[in-house]
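Taking it in order: structure first as structure tokens, then the write-up.
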There are 2 protein chains.
Amino acid sequence: MLTIGQLADYARVTIKAVRHYHLRGLLPEPDRDSSGYRRYTAEHAVKIVKIRTLAQAGVPLARVKDLLDADPDTLAAAITEIDHDIEERIAQLRRTRDQLAQLRGGDRLFVSPEVADHLDELRELGVSERQLHLERDGWILMQTASPEDASLWIAEKRELMTDPEFRALYLDHDAAYDWSPDDPRLPALADRTRNWFARSPGRSETGPVHNPAIARLAAQSQPGASSPAWDRLARLMTDRS
Amino acid sequence: MLTIGQLADYARVTIKAVRHYHLRGLLPEPDRDSSGYRRYTAEHAVKIVKIRTLAQAGVPLARVKDLLDADPDTLAAAITEIDHDIEERIAQLRRTRDQLAQLRGGDRLFVSPEVADHLDELRELGVSERQLHLERDGWILMQTASPEDASLWIAEKRELMTDPEFRALYLDHDAAYDWSPDDPRLPALADRTRNWFARSPGRSETGPVHNPAIARLAAQSQPGASSPAWDRLARLMTDRS
DNA sequence: TCGAACCTTGACCTAGGGGCAAGGTCAAGC
DNA sequence: GCTTGACCTTGCCCCTAGGTCAAGGTTCGA
């Protein structure tokens, strides 16, 4: 006959857990000795090892209770199912490990692989961290609003980036962020930008949502995402177009 | 700007989880719109994907909170540690799977491998299920009371079982359970048993605890573990020895 | 304009215990 | 006989990481 502590040690379970199983009706209360201590038999030990095994497998105690006095076929079926469940949890943990590795890496975790590649290209081009941040956040918002459109837009944007003139314009806009709003280079930049859009084939017919500048607009809905120079640039471009 | 539902969908998290993160101080409460709805930015989306990734890895939210604004080196170290932790949990799940498989099989889960092998041998010998049950429970109690002694005793018991005469005695004792207490075969069986113990070398000097009959005695402390014939047998053996 | 889908807060629930209080019991050693 | 430490008892509230339900306000698309 075992005390609760001996039983708990045998099954490698805490005393508290044993009492919890009594409370949940998984384990019948054993007889008490003259001093009121619970006295367990080997039957209890067997049952509690069963309970522990199922509970460790993540089976809710309510289900463990049913399983304990189910017929062997039902139990076997349940075990098969639980086994599959564990396999799946292992696979999930592996996926989590991969994501954890990406968390070290940078932004790939937060955006689609295409956008992540795009951001990498921008970084190589020498785009400022501020601008990268703006781009990333813009794509996040777009992906959230419309994942299908976002995947079209990113393909278009990346194709655009193969044009050296567009790349130059992009870098100039990036640099212009810090300029004074009175900077004489701003009107010229606005002109070059408008000219490029006018020359670029098919830009206008795809509708306003297909304009890659919407990335910047979306990002600008965040606080601190614009500057006096950019505001001036926006006015220069809309006024004369 | 995202609603709570859009944010939750983006990060593949439930709305309730998002609010829970606010409650725990992991995620700053965003501004509300005119109707009191929370309105999120891409910054929130980034943060919540981080939180989700760490939380899915089993990191307690309190620690996630610290990690969110830790310096990169601290974060990297923590991620390495968390990664090891996941590996360990995968290993544990594999062990649980093995145990689950044993749960289908039978008794191996509840006793040491040596005892399990012993029980298998007894089963092959044609021992009754009742007796097997008694043996198993006896070994459980012994293992609980004194694991080291139990491992010595099981080795001794298995060596004993290699003796054909002991095996015959064991099977006869098993069969005798159901006999009438007046059965004429009982005194003869008691004699044969006493003779065997007397002949068997070193049986008496190892002390009473090394007598394998203690298995039966231990098992008999359970209700319904004896019979009139066994009681008579016990009296016959002690009276005349 | 209406219904569906969304949002709000609040209250209560879960599993598997942990920790503490306020004791009772038991075995060993002096 | 007395103390000490380890063990046991019940009962209570606490935790995590949310889930669920209720009762209501809001927004959006047909």
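As the structure is a computational prediction, the values presented were derived from the model and not from experiment. Chain letters run A, B, ... following the sequence lines, proteins first and then strands; every chain starts at 1.
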Phosphate OP1/OP2 of dC7(C): any Thr3(B) side-chain N/O under 4.0 Å: yes

Rounded distance (Å) that lies between atom P of dG16(C) and atom CG of Leu27(A): 14 Å

Shortest side-chain distance from Ala17(B), nucleotide among dG18(D), dT9(C), dG17(C): dG18(D)

Pair Thr80(A)-Asp83(A), side-chain donor/acceptor within less than 3.5 Å: no

SB check Lys157(B) Glu135(B) (cutoff 4.0 Å): yes

Least distance between heavy atoms, Ala55(A) atom then Leu61(A) atom: CB-CD2, 4.2 Å

Whole angstrom value for the distance that separates C1' of dC6(C) from CG of Leu2(B): 15 Å

Ile15(B) CD1 to dC6(C) P, straight-line distance once rounded to whole Å: 8 Å

Protein-nucleotide distance (Leu23(A), atom CG; dG16(C), atom C1'), rounded to Å: 11 Å

Arg130(B), CZ atom: more than 12 neighbouring heavy atoms under 6.0 Å: yes

Heavy-atom pair with the smallest gap, counting every atom of Ile86(B) and Arg97(A): CG2-CG, 3.5 Å

Touch class at under 4.0 angstrom, heavy-atom based, for Arg63(A) against every strand present: nothing

Over 12 non-hydrogen atoms of neighbours within 6.0 angstrom of CG in Asp31(A): no

Non-neighbouring partners of Ser35(A) that pass side-chain contact (heavy atoms from CB on, under 4.5 Å), sequence neighbours left out: Asp33(A), Tyr37(A)

Arg94(B) vs Asp98(B), salt bridge (charged side-chain N to carboxylate O under 4.0 Å, His left out): CA-CA, chis, key distance, verdict: CA-CA 6 Å; Arg94(B) 289 235 178 77; Asp98(B) 291 346; over 6 Å; no

Residues from residues 78-97 of chain B lying under 4.0 Å of DNA chain C - heavy atoms: none

Considering all heavy atoms, the nearest Val111(A)-Ala116(A) contact: CG2-N, 3.8 Å

Worked check of side-chain hydrogen bond (donor to acceptor under 3.5 Å, both in side chains) between Arg95(A) and Gln92(A): CA-CA 5 Å; Arg95(A) 257 172 273 144; Gln92(A) 176 61 50; 2.8 Å; yes

Spacing between His22(B) atom NE2 and dG18(D) atom C1', to the nearest angstrom: 14 Å

Closest to the Arg24(B) side chain, choosing from dG17(C), dT9(D), dT16(D): dT16(D)

Can you pull every protein N or O that's under 3.5 Å from an N or O on nucleotides 10-13 of chain C?
residue: dA11(C); atom: N6; partner: Lys16(B); partner atom: NZ; Å: 3.3

Worked verdict on Leu132(A) versus Asp120(A) for side-chain contact (heavy atoms from CB on, under 4.5 Å): CA-CA 9 Å; Leu132(A) 278 168; Asp120(A) 283 347; over 6 Å; no

Sugar-phosphate, base or nothing in reach of Arg19(A), heavy atoms under 4.0 Å: base

Interatomic distance, Asp9(B) CG vs dC7(C) C1' [rounded to whole Å]: 14 Å

Between P of dT14(C) and NZ of Lys65(A), the distance in whole Å: 13 Å

For residues 15-29 of chain B, please give each side-chain donor-acceptor pair under 3.5 Å, one per line with the distance, not counting sequence neighbours.
residue: His22(B); atom: ND1; partner: Leu27(B); partner atom: O; Å: 2.9
residue: His22(B); atom: NE2; partner: Tyr40(B); partner atom: OH; Å: 2.7
residue: Glu29(B); atom: OE1; partner: Arg32(B); partner atom: NH2; Å: 3.4
residue: Glu29(B); atom: OE1; partner: Arg38(B); partner atom: NE; Å: 2.9
residue: Glu29(B); atom: OE2; partner: Arg38(B); partner atom: NH2; Å: 3.4

salt_bridge(Asp85(B), Arg89(B)) N-O dist < 4.0 Å: yes

Residues in contact with DNA chain D, drawn from residues 51-61 of chain B - heavy-atom cutoff 4.0 Å: Pro60(B), Leu61(B)

5' priority, DNA chain D, between His20(B) and Glu29(A) [closest heavy atom]: Glu29(A)

Rounded interatomic separation in angstrom, taking OH from Tyr21(B) and C1' from dG18(D): 8 Å

N/O (side chain, Arg38(A)) to phosphate O (OP1/OP2, dT10(D)) under 4.0 Å: yes

Can you pull every protein N or O that's under 3.5 Å from an N or O on nucleotides 27-30 of chain D?
residue: dT27(D); atom: OP1; partner: Ser35(B); partner atom: OG; Å: 3.1

Test: Asp66(A) and Arg63(A) ion pair at under 4.0 Å: no

Closest heavy-atom pair and its distance - Thr14(A), Ala8(A): C-CB, 3.9 Å

